[in-house]
Structure formats: structure tokens, C-alpha cells
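Quantities reported herein were computed from a predicted structural model and do not represent experimental measurements. Labels below follow one simple rule: chain letters A, B, ... track the order of the sequence lines, proteins then strands, and each chain is numbered from 1.
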Amino acid sequence: MRLTRYFLPVLKETPAEAQIVSHRLMLRAGMIRQSSAGIYSWLPLGYKVLRRIEQIVHEEQERMGAVPLLMPTIQPADLWRESGRYDAYGPEMLRIRDRHERDMLYGPTNEEQITEIVRASVGSYRDLPKLLYHIQWKFRDEVRPRFGVMRGREFLMKDAYSFDVDRETALQSYRKFLVAYLRTFERMGLKAVPMRAESGPIGGDYAHEFLVLAETGESGVFVEKRMADLSLGDRAVNFDDPAEVQAIFDDWTSGYARTDDTHDQAVFEAEVAAGERVEARGIEVGHIFYFGTKYSEPMQALVTGPDGERAPIHSGSYGIGVSRLAGALIEASHDDKGIIWPESVTPFQAGLVNLKQGDAATDAACEDIYGKLAAAGLETLYDDRSERAGAKFATMELIGLPWRITVGPRGLKQGVVELTSRRSGESVELAPEDAIARLAEIYRGL
RNA sequence: CGGGCCGUAGCGCAGUCUGGUAGCGCGUCCGUCUGGGGGACGGAAGGUCGUGGGUUCGAGUCCCGCCGGCCCGACCA
């Protein structure tokens, strides 16, 4: 993409309303603009990041065996009356009336909707298990939206739902999701720790939250050091092998890891040695629940078992805050110049800086490199503006592309361009072909 | 929902206490010079001062209502 054709309204100064770093940087880098409190437009750069995050979530959900579908944002109130939540949910639910005076609502979540779909078409235990998910906009009319997309009223969420015959198989599904989440967050370059959680208003008796450790996190977290250091790495997981999933699950839930909701200082001190106790802040990016028959019972989602008896389905729900992740990634990876995207979610794989726009040789070299990067499958943001070097560097650093190729007349005379890492700031001088090859290597497999 | 703060040019702000021709920086536009870290000079555009009412000869400034936004706390992906 040529910057002169793109839409990248960057800000030199920080808008007054933005308090935390991710919000400031998302505004300054031209990723988002506020529409009203807690509601944002995603500008091209932000939208690109959102889609990359979504893509990783999709891939990992499908890898674990969950099946994508898409449910509506607007739901009928009657569905929620069946579960009893229409009255229970309170003013956080945005209630709407259509022209026929029917009560509708903008979905804050989709348990009722998916339960309705499943009960209508599933009748036998042979039809189970089923793991279904979608990525859809939600609306929760928070009393106090804040921190940009980290805590918006409208937000994009991946929510998955599991349907099993009994508690034991439902917990197998639950463990699969926990393991899939580990993979998902690691792929984004995030360290997200599963922590025992309260189940909250969605209900249920088994729940974990995934917290990204960051100073600006909204929750206090208390973890055993080794839990925060665990990593799946390149380990392939066979999700169809319950024993393997169980083993990983056990590893990751073996130590003390809780948020301030469930933290118990006495237990923490009894179970964890003094030097191993980590007290930090965290951003909640995922939440998984097993809630049994909480919805299937009142909504009569039943299956006939091998014994011929009809019994309610056992379920869980599994959320990932997709739009929140865009903010969380920035909280976890930035410096005083701007964002530093991990390669896996960067909006462009490379930035190309032309130091002397209008100089025939430099322009030609940039065009050539730009074309070859595209041919190598790398999406590049080419800064072809007639700006001075400083301005171009500042923009690239602000928007956080992990790799930059700098092309100027001085280097070209020596037959080299500069390849710079955003993260380390280090540059190497290489022949253009070598720089392209180096980048292709870095992105191989991502 | 309790407590606090703020709405003045695209962005950041001053002016409000003490009423009297609406300003500064950045950005934007035009021109010239420049060209490896947000460059220099010259010129220009851009404002119903959130909104409605009131007081006054006169309101950005004082009074009242409303709308919007931000922060702290209690709640949530």
C-alpha cells in the first residue's frame, strides 16, 4: 500500500481524553476514532490489526475442532425471558423495540440464541458433542466505558459454546478450550495466564480467566512465578486425545494463579514460597465457563441418552475479547516512540521508507523493492510522501511496523538499503534482494 | 450508581476569577529554499467559544437548565 493512497490520519499530539498508552497510541496512529462513549470506528490501520487478530482466533478455534457460524446482534427478548435473564441482566442490556412493538435487544452475549439453535436440531446423544463459535459485535451498556477499546460498550468478541451429554465430557470440552486459548495468545506474542475465576452473572461452577500481565491492567493478579513463565512453544497438540489435553491442562492449572476476585492471601503464602510470589496487574482477554445445565434446563434443550431418557445438555461458554486484544497487545508491546507490533498481528509486514521522494534513482529502487516484497507475499506500507526523513521515521515508529526498509541515495551508491528492527532499533545494511530475502525468512510460517 | 473535572479552529491549549474588537503552538493550503530523525522563510484559510434560556448598553467570561466527554471508586470480554 502506498501511503499517499492510504488513509492514515496520525496525530502528533495526544488527544486529551486518552489516558492509557494503548488508547493514546491507537488514536495517534490513526487506528480508531471515537464515535460516542465506548463506541469506536476502526480506521484502516486498526481494522487491519483487528482482522489479523480475528484470523488467528479463527485458525485456532478450527484447529481445536470448534465450528464457525454467525448469529445476529439483535435478538428477541422472548428468548431471554425463557432463561430468566431478560429481567436479571439489568441496564447493561440495550433494549430496543421494533415497529411492531416487539421487545428486542442488542446481544451482550449469545447463550440463549445458540441454545435455541441447538435444541431445535439436536435430539440424540449421538449428535454430541458440538463445539460452535462465532465472532460478532456485542453491546453492553457499561456504566463507565473507558480506556478506548479496552473497555468499550460495543466490542468484538469471539464466543464459543460447547454441548455435551454429561459433566465429564463437558469438562473435556472445557479443557480443550483452555489449551486452544494458550496457543491463541502465544501466537499473538502475548503471555496470557489462565487464572481461577468467579463465574459471574453468566453462571456456572467452573471458570478460568486469561490475563495478560500489564501495568495498566484492571485486575490485580497473584501468580506463582513458574506459572507466568510456562510456554507451549511449538508443541503440536492433538485435540482429539483427551489424555494429552488433560496433561497440558493440568500443567497450566497446577500452580497458584488468581485475580483479586478469588485471591486468598493465606493460601498464596502457604502454597507459594516467598521468592516465587508475583503480584502484578493484568488485562482480561479471555474467559471460559462450564455452566452445566443452566440454560439447557429452563430452555428445555434436551437429548435422549443411550438409556432412552431425555436429559438436559451440559454446556460451557468461552470468550475472547477480540477488540480488547488490539489494545492489550499495545499495552504489552510499545515504547516511547509508539507501538511495536509482533510479526503475527502487524498490519503490514514491512514499511518502506523513501528518503528522497522525487529522486529518479531512489524512486525506481523503491518501486522495485515494493514490487518484489509483494511478490514474496509480504504486505508493505510504502511511505511515498514528499516528507523529510525524520517525519517518515517518526510515522513508521508510531504505527509500529516491526521491520522497515530504508532507501536513500547515499546507500544506493553503495548498492545497499537499510533493514531496521522496530523492536531492537538495530539496522543492518544489505543489498535490496538480501533484505527482501531476510524478511521473507522472518515471516515464513506466520 | 456515588465523588471530582472538562467542553474555545483539525489536535494541544490560553483567555473565564475582575464582562468591552477571540488568541498562541502544532497541523492544513500556496510559494521559495531545503532534503539520512517531526527543517527554514514568506503568505493564506480555518471559530454559531457544546447547547437553550436569563442578567446586562454589551456575555467565551456572570446565573439557571440541558447535552456531551474524561478521571477516581463499586461492576464487566
Side-chain angles (χ1 to χ4, degrees), chain A residues 9-20 23-24 27-28 30 33-39 53 57 89-93 107-110 135-160 181 192 197-202 207-212 218-219 259-261 283-289 317-328 337-338 353-359 362 383 385-398 404 406-413 416-418 420 425 427 429:
Chain A
V10 298
L11 304 174
K12 207 163 174 177
E13 285 168 286
T14 302
E17 76 268 16
Q19 296 300 315
I20 66 166
H23 190 194
R24 286 201 293 259
L27 289 168
R28 287 196 52 212
R33 286 293 182 266
Q34 185 172 72
S35 168
S36 57
I39 302 180
I53 295 169
V57 172
Y89 215 95
E92 284 204 350
M93 179 147 72
T109 174
N110 288 68
I135 297 181
Q136 178 64 289
W137 292 92
K138 305 290 188 286
F139 194 91
R140 293 184 192 170
D141 201 355
E142 298 273 347
V143 254
R144 193 184 157 209
R146 62 186 127 165
F147 303 150
V149 300
M150 300 275 283
R151 167 88 141 192
R153 292 195 291 172
E154 186 182 55
F155 58 98
L156 189 60
M157 181 163 91
K158 186 284 298 185
D159 41 323
Y181 278 25
E198 300 281 10
S199 50
I202 293 179
H208 283 89
E209 293 178 343
F210 287 75
L211 279 289
V212 173
E218 289 194 82
S219 320
T259 65
D260 38 21
D261 287 340
I283 301 165
E284 184 185 346
V285 292
H287 206 156
I288 59 178
F289 302 91
S317 69
Y318 313 89
I320 290 181
V322 174
S323 48
R324 173 179 285 183
L325 272 168
K337 293 174 183 164
V353 169
N354 183 339
L355 288 177
K356 195 167 186 184
Q357 203 71 42
D359 174 76
T362 313
D383 191 344
R385 297 173 300 168
S386 298
E387 289 289 338
R388 302 172 71 86
K392 292 191 176 189
F393 292 148
T395 298
M396 282 295 174
E397 280 154 358
L398 173 62
R404 180 182 86 208
T406 308
V407 181
R410 224 151 73 187
L412 285 179
K413 273 190 196 129
V416 297
V417 297
E418 215 170 84
T420 306
S427 293
E429 294 198 330

Legend entry - Nearest-nucleotide pick for A:P15, side chain only, options being B:G35, B:G38, B:G12: B:G12
Inset, instruction - Return the nucleotide paired to B:G7: Watson-Crick means purine N1 to pyrimidine N3 with N6-O4 or O6-N4, wobble means G-U with N1-O2 and O6-N3, both under 3.5 Å. - result: B:C67
Inset, instruction - Kindly indicate whether the side chain of A:V407, heavy atoms from C-beta on, has any atom under 4.5 Å from the side chain of A:L412. - result: yes
Inset, instruction - Using modelled atom types only, decide if a donor and an acceptor are shared between the side chain of A:K413 and the backbone of A:G408 within a distance under 3.5 Å. - result: no
Inset, instruction - May I ask you to say what A:R404 touches in the nucleic acid, namely base, sugar-phosphate or nothing, with a heavy-atom cut-off under 4.0 Å? - result: base
Inset, instruction - Please state the C1' separation for the pair B:G39 and B:U21 - nearest whole angstrom. - result: 36 Å
Legend entry - Side-chain donor/acceptor contact of A:Q357 with base of B:G35 under 3.5 Å: no
Inset, instruction - May I ask you to say what A:V285 touches in the nucleic acid, namely base, sugar-phosphate or nothing, with a heavy-atom cut-off under 4.0 Å? - result: sugar-phosphate
Inset, instruction - Considering just the side-chain nitrogens and oxygens of A:Q34, establish if one lies under 4.0 Å of OP1 or OP2 belonging to B:C70. - result: yes
Inset, instruction - For A:A18, answer base if it contacts any base atom (sugar-phosphate contacts may also be present), sugar-phosphate if it contacts only those atoms, and nothing otherwise; contact means non-hydrogen atoms under 4.0 Å. - result: nothing
Legend entry - Pairing partner of B:G38 (Watson-Crick or G-U wobble, both distances under 3.5 Å): none
Inset, instruction - Kindly indicate whether the side chain of A:E154, heavy atoms from C-beta on, has any atom under 4.5 Å from the side chain of A:K138. - result: no
Inset, instruction - Scan A:E209 against the nucleic acid and name what it touches under 4.0 Å (heavy atoms): base, sugar-phosphate only, or nothing. - result: nothing
Legend entry - Sugar-phosphate, base or nothing in reach of A:A37, heavy atoms under 4.0 Å: sugar-phosphate
Inset, instruction - Indicate, with a heavy-atom threshold strictly under 4.0 Å, whether A:R33 touches base, sugar-phosphate, or nothing. - result: nothing
Legend entry - Opposite nucleotide pairing with B:U18, Watson-Crick or G-U, both atom distances under 3.5 Å: none
Legend entry - Residue pair A:E17 / A:L27, side-chain heavy-atom distance below 4.5 Å: yes
Inset, instruction - Rounded to whole angstrom, note down the C1' distance from B:U61 over to B:U18. - result: 10 Å
Legend entry - Closest to side chain of A:R388, choosing from B:G38, B:C70, B:U34: B:U34
Inset, instruction - Would you kindly check whether a donor in the side chain of A:E397 faces an acceptor in the base of B:G37, or vice versa, at under 3.5 angstrom? - result: yes
Legend entry - Among B:C76, B:G69, B:G38, the nucleotide that comes nearest once only the side chain of A:E17 is considered: B:G69
Legend entry - Short side-chain to backbone donor-acceptor contact, A:R153 and A:D141, under 3.5 Å: no
Legend entry - hbond_proxy A:E13 side chain to B:G25 base (donor-acceptor, 3.5 Å cutoff): yes
Legend entry - P atoms of B:G36 and B:G43, separation to the nearest Å: 27 Å
Inset, instruction - Rounded to whole angstrom, note down the C1' distance from B:C24 over to B:G47. - result: 15 Å
Legend entry - Length of the line joining A:I135:CD1 and B:A77:P, which is rounded to integer Å: 17 Å
Legend entry - Assigned partner base of B:G23, Watson-Crick or wobble definition, under 3.5 Å: B:C13
Inset, instruction - Report the nucleotide, chosen from B:A77, B:C1, B:C26, that has the shortest atom-to-atom distance to any side-chain atom of A:R144. - result: B:C1
Inset, instruction - Using the C1' atoms only, state how far B:G58 lies from B:G19, rounded to an integer number of Å. - result: 8 Å
Inset, instruction - State whether A:K12 places a side-chain N or O below 4.0 Å from either non-bridging phosphate oxygen (OP1 or OP2) of B:G27. - result: yes
Legend entry - Trace of the side chain to side chain contact (heavy atoms under 4.5 Å, CB included) decision for A:L355 with A:F393: CA-CA 10 Å; A:L355 288 177; A:F393 292 148; 3.7 Å; yes
Inset, instruction - Hunt down the Watson-Crick or G-U wobble partner of B:G2, both distances under 3.5 Å, from any strand shown, or write none. - result: B:C72
Legend entry - Check: B:C76 base within 3.5 Å donor-acceptor of A:R151 side chain: yes
Inset, instruction - Taking the side chain as every heavy atom from C-beta outward, state whether A:R33 and A:P9 have any pair of such atoms under 4.5 Å apart. - result: yes
Legend entry - Separation of the C1' atoms in B:C1 and B:U48, to the nearest angstrom: 36 Å
Inset, instruction - Check every atom of B:C26, B:C71, B:C75 against the side chain of A:E92 and return the nucleotide holding the closest atom. - result: B:C75
Legend entry - Length of the line joining A:F139:CZ and B:A77:C1', which is rounded to integer Å: 14 Å
Legend entry - Of the listed nucleotides B:C13, B:G69, B:A77, the one nearest the side chain of A:A16: B:C13
Inset, instruction - Would you kindly compare A:Q19 and A:L398 by the position of their nearest RNA chain B nucleotide and give the one closer to the 5′ end? - result: A:L398
Legend entry - Residue A:R324, side-chain heavy atoms: nucleotide from B:C76, B:G37, B:G38 that is nearest: B:C76
Legend entry - Pairwise P distance, B:G15 and B:G50 [rounded to whole Å]: 15 Å
Legend entry - Pairing nucleotide - B:A45, Watson-Crick or G-U, each distance under 3.5 Å: none
Legend entry - Donor/acceptor link under 3.5 angstrom from A:R140 side chain onto base of B:C75: no
Inset, instruction - With heavy atoms under 4.0 Å as the rule, sort A:G411 into base, sugar-phosphate or nothing. - result: base
Legend entry - Beyond-backbone contact of A:F147 with A:E218, side-chain heavy atoms, under 4.5 angstrom: yes
Inset, instruction - Could you please name the option among B:C1, B:G69, B:G37 that lies closest to any side-chain atom of A:V143? - result: B:C1
Legend entry - Whole-Å C1' distance, B:A22 and B:C29: 22 Å
Inset, instruction - Check every strand shown and say whether A:G319 touches a base, only sugar-phosphate, or nothing at a heavy-atom separation below 4.0 Å. - result: nothing
Legend entry - Member of A:L156, A:V149, A:V285, A:I283 meeting the side chain to side chain contact (heavy atoms under 4.5 Å, CB included) criterion with A:L325: A:V285
Legend entry - A:F393 ring over B:G38 six-membered base ring, under 5.5 Å and 30°: no
Inset, instruction - For A:G152, report the nucleic acid contact type (base, sugar-phosphate, nothing); a contact means any heavy atom under 4.0 Å. - result: base
Inset, instruction - Under 4.0 Å between any heavy atoms, over every strand shown, what does A:L11 touch: base, sugar-phosphate, or nothing? Just pick one. - result: nothing
Inset, instruction - Look at A:R146 and B:G69 and indicate whether a side-chain polar atom (N or O) is within less than 4.0 Å of OP1 or OP2. - result: no
